[in-house]
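Please read the structure below before turning to the comments.
So that the names make sense, note that chain A is the first sequence line, chain B the second, and so on, each numbered from 1.
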Amino acid sequence: MLTCKQASQLLSQSLDRKLSAKERLFLQLHLLICKYCKRFGIQIRILRTALKKLSVNVESDENVRLPSDARARIANVIESTKN
Amino acid sequence: MENIHHWLSEHGDYLYRFALARLRDPHLAEDAVQETFLAAIKNPSFAEQSSARTWLTGILKHKIIDTQRKSVREIAASELIEEDANMDEFFDAQGHWSDLPQEWGMPDSALEQQQFLAILQKCLDKLPAKQQALFMLRDVEENENEEICKELNITATNAWVMLYRARMGMRKCLEMNWL
């Protein structure tokens, strides 16, 4: 029987690699009797989706602009590189 | 050459947002944009048929990876072992949850979703830089694990351990602040 610690590790790794048949079987058995690990598995998937959304939000937010001091600095660097 | 200044005004904001979404640190994002323009001056391989924005974004992606690699590279072997063993705050000696994962009320309204994302942002900010970088590469950009490991020069096992650790920390932080 897997412990919750082992089950949570496999759940996390299942987002990053294909689990072996044996690992999947043991994990399924554990999830049948453990609602907390089942919850954990759902929540780390929610986490992944929400992180993506967060990133997309920043990228598409027109109010986020290159700060003017950075813009001036970069323009200067471009000028000095030219010469 | 005059194009460069035009590109800065035309694409500067876009490139900055692109970098900020991935690096999450304004200064690192500014630096990545600056490096991109420097590389653009030095390497005039820009083909007229591709759009300047696409070309610049391609350069920027490499600069972002360089930055992320630097964040992750500071992993000492001892640190990884510690990370592996250091799950004690989450589990008892028998491997049971110390704090049972609670049911999350999922954010329904747009306002609730915004609040959820704001908390997520705060929790993410608290993570060590290397865990943030891994999260960005794996969960947001959906790079293959192999690719990430090669780029960051870590083993697959290292990556799994760090991602596990990061997810555990994020989940707990969200639970404490969202519920």
Check your understanding: If you count heavy-atom pairs under 4.5 Å between each of B:Q121, B:M170, B:R138, B:R22 and chain A, which one has the most?
Key ->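 Among the listed options, the one with the most contacts to chain A is B:R138.
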
Practice item. Using a cut-off of under 4.5 Å on heavy-atom pairs, state which of B:F37, B:W160, B:F18 scores highest against chain A. Key: B:W160

Practice item. Anything in residues 17-33 of chain A with a heavy-atom distance to chain B below 4.5 Å? Please list those residues in order. Key: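 A:R17 fall under the 4.5 Å cut-off.
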
Answer with side chain, backbone, both or neither: which region of [X] has an atom nearer than 4.5 Å to a non-hydrogen atom of chain A?
X	value
B:L163	both
B:F91	side chain
B:Q113	side chain
B:L124	side chain

Of the non-hydrogen atoms in [X] and [Y], which two are nearest, and what is the gap between them?
X	Y	value
B:Y164	A:K5	OH-O, 3.5 Å
A:L51	B:L120	N-CD2, 3.7 Å
A:R39	B:P101	NH1-O, 2.8 Å

Check your understanding: Highest number of heavy-atom pairs under 4.5 Å with chain B: which of A:S60, A:C34, A:P67?
Key ->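 Among A:S60, A:C34, A:P67, the one with the most close pairs to chain B is A:P67.
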
Review point. Taking it one step at a time, do A:R71 and B:D13 satisfy salt bridge (Lys or Arg N to Asp or Glu O under 4.0 Å)?
Key: CA-CA 9 Å; A:R71 186 184 294 272; B:D13 290 334; 2.7 Å; yes

Just verifying a value: how many Å separate [X] [atom1] and [Y] [atom2], rounded to the nearest 0.5 Å?
X	Y	atom1	atom2	result
A:S8	B:R171	OG	CZ	9.5 Å
A:Q9	B:R165	CD	CZ	11.5 Å
B:L8	A:I74	CG	CD1	6.0 Å
B:L134	A:D16	CG	CG	9.0 Å
A:L54	B:L117	CG	CG	5.5 Å
B:M162	A:S12	CE	OG	12.0 Å

Side chain, backbone, both or neither: which part of [X] has an atom under 4.5 Å from a heavy atom of chain B?
X	answer
A:T49	neither
A:I46	side chain
A:Q6	neither

Exercise for review: Please report the C-alpha distance between A:I78 and B:H5 in whole Å, then the side-chain angles of each, then the deciding distance to 0.1 Å, and finally whether the side-chain contact (heavy atoms from CB on, under 4.5 Å) criterion is met.
Suggested key: CA-CA 8 Å; A:I78 292 171; B:H5 282 290; 3.7 Å; yes

**Study point:** Cluster link A:V56 to B:L20, ILVMFWY, side chain under 4.5 Å
**Key:** no

Practice item. Apply side-chain contact (heavy atoms from CB on, under 4.5 Å) to A:L66 and B:L15, showing your working. Key: CA-CA 8 Å; A:L66 181 64; B:L15 294 171; over 6 Å; no

Are more than 12 heavy atoms, taken from residues, nucleotides or ligands other than [X], located less than 6.0 Å from that residue's [atom1] atom?
X	atom1	answer
B:E112	CD	yes
B:K172	NZ	yes
A:K53	NZ	no

Review point. Hey, mind stepping through B:Y14 and A:E59 against side-chain contact (heavy atoms from CB on, under 4.5 Å) and telling me if it holds?
Key: CA-CA 8 Å; B:Y14 170 80; A:E59 201 179 320; 4.2 Å; yes

Point to revise | Sidechain-backbone polar pair: A:Q13 side chain, B:V161 backbone, donor-acceptor under 3.5 Å | key: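 No; judged by distance alone, with no hydrogens or angles, the pair does not exist.
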
Exercise for review: Look at the side chain of B:R17 and the backbone N and O of A:V64, then say whether any donor-acceptor pair between them is shorter than 3.5 Å.
Suggested key: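 Between the backbone of A:V64 and the side chain of B:R17 there is a qualifying donor-acceptor contact (under 3.5 Å).
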
Practice item. Kindly assign one of parallel, tilted or perpendicular to the pair B:W97 and A:F40, based on the angle between their ring planes and the thresholds 30° and 60°. Key: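 Plane angle between 30° and 60°, so tilted.
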
**Study point:** Side-chain touch A:L47/B:D139, heavy atoms, less than 4.5 angstrom
**Key:**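 They are not in side-chain contact.
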
Practice item. Find out whether B:R167 and A:L15 are in side-chain contact, i.e. whether some heavy atom of one side chain is under 4.5 Å from a heavy atom of the other. Key: yes

**Study point:** Residue pair B:Y16, A:R65: steps toward the side-chain contact (heavy atoms from CB on, under 4.5 Å) verdict
**Key:** CA-CA 7 Å; B:Y16 177 68; A:R65 311 192 56 186; 5.8 Å; no

